[in-house]
Amino acid sequence: MKRSKWIIVVVLALCLGALSVKYGRKILNKNKYKRIKTEYVFTDLINLGCTSVKQQGATNTCWSYTGNSFLESEMIRMGKEPVEISQVFTARQAYLDKAHNYVRLHGGLTMGEGGQLHDVLNVFRKYGAMPRSAYAGLRGNHTYNDFREMTPLLNSMLKVLVKSRPLTPNWEKAYSATLDAHLGEVPEKFDYKGKTYTARTFADQVIGINPDDYIGFASVTDHPNYKPFVLLVPDNWSFDRFYNVPMQELSEIIDGALQQGYTVAWTTDVSEKGFSWQYGIAYVPEKPFDSMSNEEKEKMFVKPMAEKKITTDERQQAFDNWHTTDDHAMHIVGLAKDQNGKEYYLVKNSWGKANDFKGYMYVTKEFVKYKTITLMLHKNALNPALLSKINLIEL
């Protein structure tokens with residue numbers, strides 16, 4: 001495309017893209033009531049190695065932060081010194097591949113900043129990885145990533161592009177140039193601890209994981225159990241497959257992994273009234289929120305409360321009617337119990353440390369069974385009975 005035509009496309013993109021954009025945390029805590037000091041007392045049962053809590057800033061890249069936090073924990077498990085992996089490099093390369101799919105589908109794909117955990121592995125396999133010190137994607141004096149200007153511009157460029165007939169040649173260069181303008185150019189080589197690497201050699205020699213060693217799970221009732229299927233959620237833009245398991249086995253998979261020293265990457269719905277980022281608690285209230293008094297709503301997260309037991313049908317219905325949505329990704333790094341002996345998963349978030357547990361959350365097993373979208377973990381963390389059921393078909 002001629003330079004003048006691309007200038008027009010960019011101007012249109014800026015105008016159109018400024019109209020709407022979601023950014024930062026997709027869902028904030030909706031508890032508007034006065035904060036009351038929590039009475040929860042937790043005791044760690046399992047607390048596995050992980051790197052420090054990060055802040056994803058004004059981006060919807062939780063999947064990249066979580067996926068790379070998971071890989072950093074894998075480095076620890078393997079006896080390696082962990083390094084903060086560049087979350088923005090992973091996201092940038094995934095956006096290139098997502099743009100290709102969008103164009104191939106003539107615009108029939110949800111565009112945005114979201115993704116799934118396997119995107120981290122796919123980028124690692126195809127492009128490699130690099131430390132955040134080599135590529136942070138920060139502009140000017142910013143100390144956190146902010147995609148509020150970049151995302152609508154990129155999306156509007158693609159919307160204009162797919163309306164052209166025939167397809168404009170070399171559109172990828174203009175798309176990549178826009179990424180470069182907002183995130184900086186990706187270095188071909190960089191130094192790390194006195195050695196020079198490329199993204200490929202850094203991934204292979206320093207991080208050293210095998211992407212084929214990892215496996216994803218989901219739970220639906222409209223596909224056979226223990227068989228791979230394409231999970232139809234907007235953020236699965238690559239149409240990757242997951243093994244289907246019954247709802248009850250979601251927590252069994254996590255428990256077995258933690259007991260063997262493996263952490264688990266997790267995508268979930270955080271729009272629920274039983275999820276509070278500020279308090280750092282997530283559970284399934286026994287009493288429906290709409291039936292609670294103001295006093296009950298005010299005290300929802302003050303002390304351990306009775307939970308509703310979720311059935312498989314209720315889980316599926318919530319998924320089908322969009323009460324369960326693919327909102328967020330977090331990293332399950334341990335197991336704890338409250339003062340009553342009830343067990344919770346210790347979950348590392350990527351929203352900084354400004355909550356009651358310095359960036360961590362305690363999530364009940366019932367919440368996990370009800371609101372899990374997907375799990376990702378090392379295949380060696382699975383028990384032999386499950387391995388025999390799924391027969392580990394290549395995904």
Side-chain angles (χ1 to χ4, degrees), residues 48-56 59 61-98 115-138 145 179 183-216 238 240 257-258 260-267 329-334 348-350 374-382 394-395:
L48 300 177
C50 64
T51 52
S52 62
V53 171
K54 308 300 190 301
Q55 170 59 268
Q56 69 188 68
T59 74
T61 55
C62 56
W63 56 273
S64 183
Y65 277 79
T66 292
N68 282 306
S69 173
F70 172 77
L71 296 188
E72 291 159 12
S73 283
E74 283 293 276
M75 293 182 71
I76 295 172
R77 183 185 63 78
M78 296 162 65
K80 296 173 176 284
E81 181 182 353
V83 56
E84 182 179 359
I85 303 169
S86 174
Q87 305 91 357
V88 175
F89 173 79
T90 301
R92 184 193 192 282
Q93 303 308 92
Y95 293 163
L96 287 172
D97 288 347
K98 184 187 289 190
Q116 263 291 334
L117 298 166
H118 54 246
D119 295 335
V120 176
L121 297 179
N122 291 342
V123 168
F124 190 99
R125 183 184 291 107
K126 185 174 180 180
Y127 300 104
M130 56 181 60
R132 183 176 171 86
S133 59
Y135 190 71
L138 296 174
N145 294 113
L179 286 167
L183 304 177
E185 294 185 18
V186 176
E188 291 187 12
K189 296 182 179 181
F190 54 87
D191 291 334
Y192 180 75
K193 292 191 173 182
K195 293 184 179 180
T196 300
Y197 297 93
T198 64
R200 180 73 275 147
T201 58
F202 185 81
D204 296 340
Q205 297 173 18
V206 178
I207 300 175
I209 64 103
N210 178 2
D212 296 332
D213 284 341
Y214 299 89
I215 186 169
S238 60
D240 274 42
L258 295 175
Q260 296 183 75
Y262 293 84
T263 67
V264 180
W266 177 49
T267 62
M330 293 183 283
H331 186 189
I332 301 173
V333 298
K348 177 186 172 185
N349 204 350
S350 56
T374 64
L375 303 174
M376 185 176 77
L377 68 163
H378 197 289
K379 62 186 180 183
N380 287 351
L382 303 178
E394 201 67 39
L395 295 180

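It should be emphasised that the depicted structure is a prediction, and the values quoted were computed from it without experimental measurement. For reference, positions follow the sequence shown, starting with 1.
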For A329 against T267, the heavy-atom pair lying closest together: CB-CG2, 3.9 Å
Sub-4.5 Å side-chain heavy-atom contact between Q116 and D240: no
F124 side chain near I207 side chain, heavy-atom distance below 4.5 Å: yes
Just wondering, do K126 and D97 contact through their side chains at under 4.5 Å, heavy atoms? yes
Spacing of T90 atom OG1 and N122 atom CG [to the nearest 0.5 Å]: 11.0 Å
Pair N145-L138, side chain to side chain contact (heavy atoms under 4.5 Å, CB included): steps then yes or no: CA-CA 6 Å; N145 294 113; L138 296 174; 3.5 Å; yes
Using the side chain to side chain contact (heavy atoms under 4.5 Å, CB included) rule, take L183 and Y95 through it: C-alpha gap first, then chi angles, then the decisive distance, then the call. CA-CA 12 Å; L183 304 177; Y95 293 163; 5.8 Å; no
Taking the side chain as every heavy atom from C-beta outward, state whether V120 and N68 have any pair of such atoms under 4.5 Å apart. yes
Scanning both residues in full, the closest heavy-atom pair of G334 with L258 reads O-CD1, 3.6 Å
Any donor-acceptor pair under 3.5 Å from T198 side chain to E188 backbone: no
How long is the gap from NE2 on H118 to CD1 on I215, to the nearest 0.5 Å? 13.5 Å
Heavy atoms only: give me the nearest V333-C50 pair and the separation to one decimal. CG1-CB, 4.0 Å
Identify the heavy atoms of H331 and S69 that sit nearest to each other, and give their distance. ND1-OG, 2.8 Å
Within 6.0 Å of CD in Q260, more than 12 heavy atoms from elsewhere: yes
Residue pairs involving residues 191-209 (criterion salt bridge (Lys or Arg N to Asp or Glu O under 4.0 Å); sequence neighbours excluded): E81-K193, R200-D204
Donor-acceptor under 3.5 Å (T66 side chain, C62 main chain): yes
Give the intermediate values and the outcome of side chain to side chain contact (heavy atoms under 4.5 Å, CB included) for residues L121 and M376. CA-CA 10 Å; L121 297 179; M376 185 176 77; 3.5 Å; yes
For K98, is there an ion pair with D119 - N to carboxylate O distance below 4.0 angstrom? no
Quick one: closest heavy-atom pair of S350 and Y65, and the distance? CB-CB, 3.8 Å
Are the side chains of V83 and M75 in touch, meaning some heavy atoms are under 4.5 Å apart? yes
When you measure from the side chain of K189 to the backbone N and O of P187, does any donor-acceptor pair fall under 3.5 Å? no
Close aromatic pair by centroid cut-off 6.0 Å: F70 and Y214: yes
Sub-4.5 Å side-chain heavy-atom contact between M130 and V186: yes
Are V88 and Y135 packed together at the side-chain level, in the sense that at least one heavy-atom pair is separated by less than 4.5 angstrom? yes
Aromatic plane relationship, Y262 with H378 - under 30° parallel, 30 to 60° tilted, over 60° perpendicular: tilted
Quick note, salt bridge (Lys or Arg N to Asp or Glu O under 4.0 Å) partners involving residues 65-76, not counting sequence neighbours, are E74-R77
Distance, nearest 0.5 Å, that separates CD1 of I332 from CG of L48: 11.0 Å
Here the pair of heavy atoms bringing A257 nearest to L377 is CB-CD1, 3.8 Å
D212 and K379 ion-paired at < 4.0 Å: no
Partner residues of A94 under the side-chain contact (heavy atoms from CB on, under 4.5 Å) criterion, sequence neighbours left out: W63, V123, W237
Run the side chain to side chain contact (heavy atoms under 4.5 Å, CB included) check on K54 and R132 step by step: do they pass? CA-CA 12 Å; K54 308 300 190 301; R132 183 176 171 86; over 6 Å; no
To the nearest 0.5 Å, what is the distance between OG (S52) and CD (E84)? 6.5 Å
Sub-4.5 Å side-chain heavy-atom contact between F190 and S133: no
Check the side chains of Q87 and T61 for a donor-acceptor pair under 3.5 angstrom, ignoring hydrogens and angles. no
